[in-house]
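Notes for the one structure printed next.
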Protein chains: 2
Amino acid sequence: MPDLKVEQPKSLVAIVEERLRDAIVDAEMRLGETLSEEALSEALGVSRTPVREALARLQLQGLVTIVPKKGTFVFAPTEEDVSELCVFRYMLETQALRECMSKAREAALAAMKGALLAMETAQANGSRRDYARADTVFHEVFFQHCGNRYLGNAYRGVSGRVAALRTHLSVPLEGEQERSMAEHHQMVEAFAAGRLADLDSILHRHIMRAWHAYADVLRTGAVRG
Amino acid sequence: MPDLKVEQPKSLVAIVEERLRDAIVDAEMRLGETLSEEALSEALGVSRTPVREALARLQLQGLVTIVPKKGTFVFAPTEEDVSELCVFRYMLETQALRECMSKAREAALAAMKGALLAMETAQANGSRRDYARADTVFHEVFFQHCGNRYLGNAYRGVSGRVAALRTHLSVPLEGEQERSMAEHHQMVEAFAAGRLADLDSILHRHIMRAWHAYADVLRTGAVRG
DNA sequence: GTTCTCCAGTCCGTATGCAAGATACAGGAA
DNA sequence: TTCCTGTATCTTGCATACGGACTGGAGAAC
């Protein structure tokens, strides 16, 4: 028998979850904004049940906060949150890279280069959203090739917040995107050469710089966007 | 005003989730067993809605597997699963211990000693279930004091599986519990003395030994418990 | 005896209805 | 004016109803 596999149609819950996730990550909604199950179900053209279930899942990803009998809100990170998230993220990524390098070096390298290309294209087109998306893909590569599903799951659990912070709190600082691109290039080079220590330090610098930028934006209160 | 706070009654979802989690972790159900939303809702005396939501949460913790239109099943780990889980777990715990030691050494130490005491009590009483629970508490201490909520969340995401494996796959090997107790004692000592490298190696040995034991049980197929 | 087909039973996915808690605001008392 | 209080209206929590999809077995055709 040839391998005939049909993909199951997505459930409404999955569709709603994805749509809401994109809306939050792509900054179509403001941080802290109130969401009503009923209003969402109406806007999306489905009943409250799948909306409710999708919101519950998003809560577990930290993208929304559900307060019993009060309402559901887009997450609103504190400075401390962001700090802890960055530390955690560095920890996961450095571990994943380690595994990648020993287990699937070539495949990972190819995928990283692909994502890098997408970033360059987005930069050339001047699309900040596409750049942010490609950036997200770049970091996801580590987990797709690390060979440990638990590591990937853990990352998926925070990747939404990471991606949302990227779009909500990144300010177009002078030369920022260039610095970011340069660091990604350095990471690929270090990875290709197997220089794990260098890779670690670049990644550390990369994430910590992002953290400082986010923290600044949070402090100055320029958080709506 | 005196600080009068009433504790909110837990939602049905939370109650059901906890109950089912306990049932799985404490081996009241067999691995791979079929669960029907309707049967569960009847057995628990609630409607399908909260049961369904609780099952969705348990799926994200890896304790059940939901197959669309077919049914829900208690998770059934493969040997590979267990291996990856152990690697991941070691990674999380070693990181958490590192943070504990630098941030909340005294508090963590006290809590570890408390859990150790509970383990000794359980061992004296010959209660394997209580011992397993105290063991679980011991390892949770690392995350309660590490000061990073994301690290704790990630652990909570797998702690159910870890605990379930402990009860389902642990066989009462000759002298096993003694070895386990000894290793926990060593961990506390190394932690108290601030010997991080030793701590790491003990933890590594501890987790990997558990892994071998689980893998053996899985291979021999003596998995129903 | 083997294989195909049909059907009944069971499961989940979704929609909807009702109850209870939270909030905001208007209106009355001091 | 200020403060309290009752109520209208919002929210979510949970129960229930219905329909589609899947599964397993009985019976017919070969």
Side-chain angles (χ1 to χ4, degrees), chain A residues 1 4-21 23-24 29-76, chain B residues 1-21 23-24 29-76:
Chain A
M1 267 301 249
L4 301 173
K5 250 185 206 154
V6 296
E7 52 186 308
Q8 296 280 12
K10 282 186 193 169
S11 74
L12 276 186
V13 177
I15 296 173
V16 170
E17 179 186 356
E18 193 174 333
R19 181 73 194 85
L20 290 180
R21 190 185 148 102
I24 295 173
M29 293 163 170
R30 292 201 303 271
L31 298 182
E33 184 171 340
T34 300
L35 302 175
S36 148
E37 290 178 4
E38 177 134 16
L40 286 177
S41 69
E42 197 166 334
L44 293 162
V46 299
S47 84
R48 268 183 56 215
T49 308
V51 172
R52 185 175 170 71
E53 208 160 313
L55 286 176
R57 293 195 199 176
L58 290 173
Q59 181 180 35
L60 293 178
Q61 295 173 35
L63 286 178
V64 306
T65 307
I66 300 177
V67 183
K69 315 274 182 167
K70 267 194 65 178
T72 304
F73 309 88
V74 178
F75 82 110
Chain B
M1 266 299 252
D3 185 11
L4 300 172
K5 251 186 205 154
V6 296
E7 52 185 310
Q8 296 281 13
K10 281 187 196 169
S11 74
L12 278 186
V13 177
I15 297 172
V16 170
E17 179 186 357
E18 193 174 333
R19 182 72 194 85
L20 290 181
R21 189 186 150 103
I24 295 173
M29 293 164 169
R30 292 201 305 270
L31 298 182
E33 184 171 339
T34 299
L35 302 174
S36 149
E37 289 179 5
E38 179 139 15
L40 285 176
S41 69
E42 199 166 333
L44 292 163
V46 299
S47 83
R48 268 183 55 215
T49 308
V51 171
R52 185 175 169 71
E53 209 161 313
L55 286 176
R57 291 196 199 177
L58 290 173
Q59 181 181 35
L60 290 181
Q61 295 173 34
L63 286 178
V64 305
T65 306
I66 299 177
V67 183
K69 316 273 182 152
K70 268 193 67 178
T72 303
F73 309 88
V74 178
F75 82 110

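Fair warning: this is a prediction, and the values are worked out from it, not measured in the lab. Chain identifiers are assigned alphabetically (A, B, ...) following the order of the sequence lines, protein sequences preceding nucleic acid strands; residue numbering begins at 1 within each chain.
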Over how many whole Å does the gap from [X] atom [atom1] to [N] atom [atom2] extend?
X        : N       : atom1 : atom2 : result
Glu42(A) : dT11(D) : CD    : C1'   : 15 Å
Glu37(A) : dG13(D) : CD    : C1'   : 9 Å
Glu33(A) : dT11(D) : CD    : P     : 13 Å

My understanding is that only residues two or more places apart in sequence, or in another chain, count here; which of them pass side-chain contact (heavy atoms from CB on, under 4.5 Å) with Glu42(A)? none
Please give me every residue in residues 60-71 of chain A whose heavy atoms get under 4.0 Å of an atom in DNA chain C, ordered by residue number. Lys69(A), Lys70(A)
Considering only heavy atoms, which members of residues 49-59 of chain A lie under 4.0 Å from some atom of DNA chain C? Thr49(A), Pro50(A)
Show each protein N/O and nucleotides 6-9 of chain D N/O combination with a separation under 3.5 Å, one pair to a line.
none

Can you give me the closest heavy-atom contact between [X] and [Y], atom names plus distance?
X        : Y        : value
Ala56(A) : Glu53(B) : CB-OE2, 4.4 Å
Leu40(B) : Leu35(B) : CD1-CB, 4.0 Å
Ala54(B) : Val16(B) : CB-CG1, 3.6 Å
Phe73(A) : Thr34(A) : CE2-OG1, 3.3 Å

Given dA17(D), dA15(D), dT11(D), identify the nucleotide with an atom nearest to the side chain of Arg48(B). dA17(D)
Does the side chain of Ile15(A) reach to within under 4.5 Å of the side chain of Val46(A), using non-hydrogen atoms? no
Within a strict 4.5 Å, meaning less than it, do heavy atoms of the Leu58(A) and Thr72(A) side chains meet? no
Contact interval (first through last nucleotide) of DNA chain C with protein chain B, 4.0 Å heavy-atom: dC11(C) to dA22(C)
Find the distance between CZ (Arg19(A)) and CG (Leu12(A)) and round it off to the nearest 0.5 Å. 14.5 Å
Under 3.5 Å donor-acceptor pairs involving side-chain atoms of residues 59-68 of chain B, not counting sequence neighbours:
unit_1, atom_1, unit_2, atom_2, d
Gln61(B), OE1, Arg21(B), NH1, 2.7
Gln61(B), NE2, Glu17(B), OE2, 2.9

